[in-house]
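Every number for a ligand or one of its atoms is a count from 1 in the order of the listing.
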Amino acid sequence: MPETYFDERIATRYEAYWSNLFEPAVVDPAVSFLADLAGTRAALELGIGTGRLALPLSRRGVRVHGIDLSPAMVAQLQRKPGAADVGVTIGDFATTKVDETFTLVYLVRNTITNLTTQVEQVECFRNAAAHLEPGGCFVIEVYIPELQRLPAGETIHAFTVSPTHLGFEEYNVATQIAFSHHYWVIDGRLETFSTPHRYVWPSELDLMARLAGMTLRERWSDWNRQPFTSDSREHVSVWEKTA
Ligand SMILES: C[S@@+](CC[C@H](N)C(=O)[O-])C[C@H]1O[C@@H](n2cnc3c(N)ncnc32)[C@H](O)[C@@H]1O
């Protein structure tokens, strides 16, 4: 089983550290996008965490199940209203099976990059496809590697700079790993979080989808369906199970 970085400390502070992710302007378009795809049927969230999207999606009438490695993150979910309607399996989403098929499988907030080898990412696509009904969709939200914006020879990209939160990534192009570092000042104390990520381009994800019997149906720049262009910083991609 891969290591989980989302331990008790991170789980209890998840909403405080990444409070912007819980704003309606961030949550609502994602939930609407996913609800449009799921219709009245069931959805599986890989890396469900504290239920940031799963709970509002469930409230929209979609039956949601989740897989997550971290009992601490899932414990936070289970304390929230509506949690009884969301099933969770503890395990690695690259390999863990749920005995059910779904119309929609989704994996958001760059979490595909928590799998730090190509083999694991390919396994994840295969696992997603194995849980989809024919014609069902796999959705990923993930950032575009920032390499083209780095000054020549630089390997560090600062993605958040504010008086209380500094976040930056250190790219290694030989290993295709970016270490992500966060430093927060909370109640006058410094708190940190560092994790390795396998950054991945859309074209490589399309190939992983093809290996798993899925083809690209849509690619957008965000959940509001803004066009995906060479300036996009992230993408929301939808692959359809075709084989
Ligand atoms: C950035 S959080 C996102 C949580 C939630 N999807 C959200 O949008 O708020 C990533 C979550 O994925 C889980 N995770 C990371 N790697 C995993 C793996 N290989 N298998 C299962 N869960 C994993 C972590 O435990 C954590 O809960």
Side-chain angles (χ1 to χ4, degrees), residues 1-34 43-58 62 64-80 82-83 86-98 104-128 130-131 138-143 159-160 167 169 177-182 184 193-200 208 222-223 234 236:
M1 193 94 88
E3 187 174 352
T4 177
Y5 294 90
F6 291 81
D7 59 12
E8 190 67 30
R9 173 180 70 97
I10 297 298
T12 52
R13 292 168 172 74
Y14 184 70
E15 205 161 331
Y17 285 163
W18 288 282
S19 56
N20 60 312
L21 298 183
F22 288 81
E23 286 169 9
V26 176
V27 170
D28 295 351
V31 170
S32 293
F33 189 105
L34 296 169
L44 176 66
E45 178 165 358
L46 306 183
I48 190 168
T50 64
R52 183 179 65 90
L53 298 186
L55 290 167
L57 187 60
S58 167
V62 177
V64 184
H65 192 94
I67 298 176
D68 205 288
L69 261 186
S70 165
M73 292 290 276
V74 171
Q76 293 298 318
L77 184 162
Q78 286 169 342
R79 290 198 181 100
K80 295 184 180 175
V86 174
V88 181
T89 304
I90 297 292
D92 175 7
F93 57 56
T95 52
T96 299
K97 298 279 183 281
V98 174
L104 170 68
V105 178
Y106 64 97
L107 175 54
V108 299
R109 287 312 306 172
N110 309 327
T111 303
I112 184 69
T113 66
N114 284 126
L115 299 173
T116 53
T117 66
Q118 188 187 59
V119 168
E120 290 170 297
Q121 291 181 350
V122 168
E123 270 186 312
C124 175
F125 271 77
R126 290 209 166 107
N127 201 29
H131 284 93
F138 182 36
V139 175
I140 281 189
E141 175 197 27
V142 64
Y143 71 103
F159 54 81
T160 303
E169 281 185 306
I177 296 289
F179 269 86
S180 161
H181 304 283
H182 292 270
W184 294 272
F193 183 53
S194 291
T195 43
H197 296 263
R198 182 175 191 271
Y199 63 85
V200 60
M208 292 182 191
D222 62 22
W223 295 109
E234 60 174 35
V236 173

Item to check | side-chain hydrogen bond (donor to acceptor under 3.5 Å, both in side chains) assessment of Tyr17 paired with Arg9 | outcome: CA-CA 11 Å; Tyr17 285 163; Arg9 173 180 70 97; 3.2 Å; yes
Ile48 CD1 to Leu69 CG distance, which is reported to the nearest 0.5 Å
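Answer rounded to 0.5 Å: 13.5 Å.
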| Pair Trp18 and Tyr14, ring centroids less than 6.0 Å apart |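 For Trp18 and Tyr14, the ring centres are under 6.0 Å apart.
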Apply side-chain hydrogen bond (donor to acceptor under 3.5 Å, both in side chains) to Ser194 and His182, showing your working.
CA-CA 6 Å; Ser194 291; His182 292 270; over 6 Å; no
Contacts for ligand 1, heavy atom under 4.0 Å, by chain and number, are Pro2, Thr4, Phe6, Tyr14, Glu45, Gly47, Ile48, Gly49, Arg52, Asp68, Leu69, Ser70, Met73, Gly91, Asp92, Phe93, Val108, Arg109, Thr111, Asn114, Leu115
- Message: Is it true that Glu45 and Tyr106 share a donor-acceptor pair across their side chains at a distance under 3.5 Å?
- Response: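 Glu45 and Tyr106 do have a side-chain donor-acceptor pair below 3.5 Å.
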Show your reasoning for whether side-chain contact (heavy atoms from CB on, under 4.5 Å) applies to Phe193 and Ser180.
-> CA-CA 8 Å; Phe193 183 53; Ser180 161; over 6 Å; no
